Amino acid sequence: MRLNAGAALPLRGGQVRPQAACHGRSSRITRAASGLAAFPTESVSRGVLILPGLGNNAADYAPLAAQLEACGMAVEVAQVTRPDWSRNSEALTDPNWWRGTLKPRPAVDWYLTRVDAAMQRLKQRVEKAEAPIALLTHSAGGWLGRVYLLDWGTAGVDRFVSLGSPHLPPPRGAPVVDQTRGILSACSDMCPGAYHTSIQYVTICGKFVRGAPLTGPAKELEFDGGGGNRASLLAKFAGVGYQQVCGDAEVWGDFIVPQPSAHLEGATQVDLEGVFHSPLGEQLPFFGPWYGSQKVLELWLHHLTGQPGQGEPAAGTTLLQSSVKQISN
């Protein structure tokens, strides 16, 4: 199932109203995310384990974690620092890196051990409430989370939600270099699509900009709300990245990850209009809100909690919206 979501959802009579975060609870952040839980551990509704993306550190997700804790969830973030990512260079000594046939392990074991340490802390927090756990992954944390579930097991986990994650390798034969040096191909072979039947998979991708070729005219020009041409330098820069990830520059994406790579077969696929890839978008005016921005969070929070969003039916029922279309799994 693929869903297209804008900044607001349609109501009867043509009016619009944003979804409310936490389904009525205040989403105001009143404490740091690294502090104590907002609710007693016996009453938490769900555990959430956040997996940082490439180049990010745990602190980047503190505002998002605080919003989720304010909704009654227990949240842990895998403790990764920006310098930690340099450890990926150790894979250069593996001949498979040069052949483009690199496997996830042991190349990223350093990251997966951080994930498991955070998982154990989270399980202690939700143990009394017997609350289910969701993996909330960002960017490269998506395929890293899939590897974690495959090798560490799925005990206690019922949902997997990825935000702008490059799940799929470039098409075979595409004239591009696989930036993961074979890891994404290995993931697709080991755990294709929505692999674990006991887990509800949701893949979310922002539609921030349609890429354009670096040189020459674009096949299709996109315009922003003010009439500006989106086939600009921003679109060209995005197109260069999209080309390397999915083999096509002229697709939609969140400026870093293209839509064709962000969705898993068999998952609920959600496309969010105007959403940028990383927290950097909130700090620079020429980018935009990212997945963890409060107004954007309101659009996908129900996919994390497993509860229907405001104005939406429960999972498993037919969605009667013109912006929603069914696709085969």
Side-chain angles (χ1 to χ4, degrees), residues 33-35 37 41 46-62 64-65 68-69 73-97 101-127 131-167 169 178-191 195-196 198-199 201 264 278-279 292 304:
S34 58
T41 56
R46 167 174 293 280
V48 178
L49 178 57
I50 298 179
L51 276 61
L54 180 66
N56 291 106
N57 63 24
D60 294 336
Y61 303 91
L64 172 59
L68 297 177
E69 291 257 10
M73 290 176 261
V75 183
E76 291 288 339
V77 183
Q79 294 302 296
V80 176
T81 66
R82 258 179 268 282
D84 285 332
W85 292 101
S86 64
R87 300 183 64 172
N88 287 345
S89 63
E90 297 173 7
L92 291 171
T93 61
D94 189 333
N96 287 303
W97 191 96
T101 56
L102 190 67
K103 301 293 189 295
R105 306 193 62 193
V108 294
D109 277 1
W110 69 269
Y111 182 100
L112 298 175
T113 56
R114 307 285 180 88
V115 172
D116 192 54
M119 175 65 85
Q120 299 314 312
R121 294 194 299 271
L122 183 59
K123 285 185 174 180
Q124 290 180 358
R125 292 182 60 188
V126 303
E127 183 177 26
I133 292 173
L135 257 62
L136 179 59
T137 71
H138 174 232
S139 195
W143 61 261
L144 285 159
R146 291 162 61 202
V147 175
Y148 176 79
L149 291 175
L150 184 67
D151 289 355
W152 267 262
T154 62
V157 178
D158 72 335
R159 305 188 76 79
F160 175 97
V161 179
S162 64
L163 308 173
S165 294
H167 286 296
D178 179 2
Q179 298 176 71
T180 67
R181 305 306 298 151
I183 286 182
L184 284 179
S185 293
C187 286
S188 294
D189 292 339
M190 294 186 302
C191 46
Y195 184 71
H196 298 282
S198 61
I199 294 177
Y201 288 77
L264 287 172
S278 80
L304 183 68

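Every value quoted in this text rests on a predicted model; they were computed, and no experiment measured them.
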> Would you say Ser139's side chain and Gly53's backbone share a donor-acceptor pair under 3.5 angstrom?
Replying inline: no

> Regarding Thr101 and Asn96, is there a side-chain donor-to-acceptor distance under 3.5 Å anywhere?
Replying inline: yes

>> Check whether Glu69 reaches the backbone of Val75 with its side chain - one donor and one acceptor, N or O, closer than 3.5 Å.
In response: yes

>> Under the rule for side chain to side chain donor-acceptor pair (under 3.5 Å), what residues qualify as partners of Arg181, not counting sequence neighbours?
In response: none

>> Set out, in order, the CA-CA distance, both residues' side-chain angles and the distance that settles side-chain contact (heavy atoms from CB on, under 4.5 Å) for Gln79 and Asn57, then state yes or no.
In response: CA-CA 7 Å; Gln79 294 302 296; Asn57 63 24; over 6 Å; no

> What pair of heavy atoms forms the shortest contact from Asn56 to Pro279, and how long is it?
Replying inline: ND2-CD, 4.3 Å

>> Distance check, rounded to the nearest 0.5 Å: Glu90 atom CD versus Asp109 atom CG?
In response: 10.5 Å

> Residues two or more places apart in sequence or in another chain: which of them pass salt bridge (charged side-chain N to carboxylate O under 4.0 Å, His left out) with Asp116?
Replying inline: none

>> Can you list everything that forms a ring-ring contact (aromatic ring centres under 6.0 Å, His included) with Trp85? Sequence neighbours excluded, please.
In response: Trp110, Tyr111

> Which heavy atom in Pro169 sits nearest to a heavy atom in Ser185, and how many Å separate them?
Replying inline: CB-OG, 3.5 Å

>> Tell me every residue that passes ring-ring contact (aromatic ring centres under 6.0 Å, His included) with His138, counting only those two or more places apart in sequence or in another chain.
In response: Tyr61, His277, Trp290

> Quick one: side chain to side chain contact (heavy atoms under 4.5 Å, CB included) partners of Thr113, sequence neighbours excluded?
Replying inline: none

> Got a sec, which residues hit salt bridge (charged side-chain N to carboxylate O under 4.0 Å, His left out) with Asp60, two or more places apart in sequence or on another chain?
Replying inline: Arg82

>> side-chain contact (heavy atoms from CB on, under 4.5 Å), that's the test. Do Ile133 and Leu122 meet it? Break it down for me.
In response: CA-CA 8 Å; Ile133 292 173; Leu122 183 59; 3.8 Å; yes

> So how far is it from Leu135 CG to Phe160 CZ, rounded to the nearest 0.5 Å?
Replying inline: 6.5 Å

> Taking atom CZ of Arg146 and atom SG of Cys187, what is their separation to the nearest 0.5 Å?
Replying inline: 5.5 Å

> Under the side chain to side chain donor-acceptor pair (under 3.5 Å) test, which residues partner Thr137, sequence neighbours left out?
Replying inline: none

> Residues two or more places apart in sequence or in another chain: which of them pass side chain to side chain contact (heavy atoms under 4.5 Å, CB included) with Asp151?
Replying inline: Arg105, Val147

>> Which heavy atom of Ala107 sits nearest to which heavy atom of Ala91, and what is that distance?
In response: CB-CB, 4.2 Å

>> Once side chain to side chain contact (heavy atoms under 4.5 Å, CB included) is applied, do any residues pair with Thr154, and if so which ones, sequence neighbours excluded?
In response: Leu149, His196, Ser198, Ile199

>> Could you check whether any side-chain heavy atom of Val80 comes within less than 4.5 Å of a side-chain heavy atom of Val115, counting everything from C-beta outward?
In response: no

> Could you walk me through whether Val108 and Arg87 pass the side-chain contact (heavy atoms from CB on, under 4.5 Å) check?
Replying inline: CA-CA 8 Å; Val108 294; Arg87 300 183 64 172; over 6 Å; no

> Salt bridge check: are Asp94 and Lys103 linked by an N-O gap of less than 4.0 Å?
Replying inline: no

>> If you compare all heavy atoms of Pro166 against all heavy atoms of Ala140, which two are closest, and at what distance to 0.1 Å?
In response: CD-N, 4.1 Å

>> Just verifying a value: how many Å separate Asp178 CG and Ile183 CD1, rounded to the nearest 0.5 Å?
In response: 8.5 Å

> Do Leu184 and Gln179 come within less than 4.5 Å of each other through their side chains, counting heavy atoms only?
Replying inline: no

> Which heavy atom in Gly292 sits nearest to a heavy atom in Leu64, and how many Å separate them?
Replying inline: CA-CD1, 4.1 Å

> Would a distance-only check, ignoring hydrogens and angles, find a side-chain to backbone donor-acceptor pair under 3.5 Å from Lys123 to Gly156?
Replying inline: no

> Do Ser86 side-chain atoms and Pro83 backbone N/O form a donor-acceptor pair below 3.5 Å?
Replying inline: yes

>> When you measure from the side chain of Glu76 to the backbone of Ala74, do you find a donor-acceptor pair of N or O atoms at a distance under 3.5 Å?
In response: no

>> Arg46: which residues meet the side chain to side chain contact (heavy atoms under 4.5 Å, CB included) condition with it, sequence neighbours left out?
In response: Val48, Met73, Pro132, Ala134, Asp158, Arg159

>> Using side-chain heavy atoms (C-beta onward) and a distance below 4.5 Å, is Trp143 in contact with Leu51?
In response: no

> Can you name the nearest heavy-atom pair linking His167 to Ser188, along with the distance?
Replying inline: O-OG, 4.0 Å

> Can you tell me how far OG of Ser165 sits from CG of Leu264, rounded to the nearest 0.5 angstrom?
Replying inline: 8.5 Å

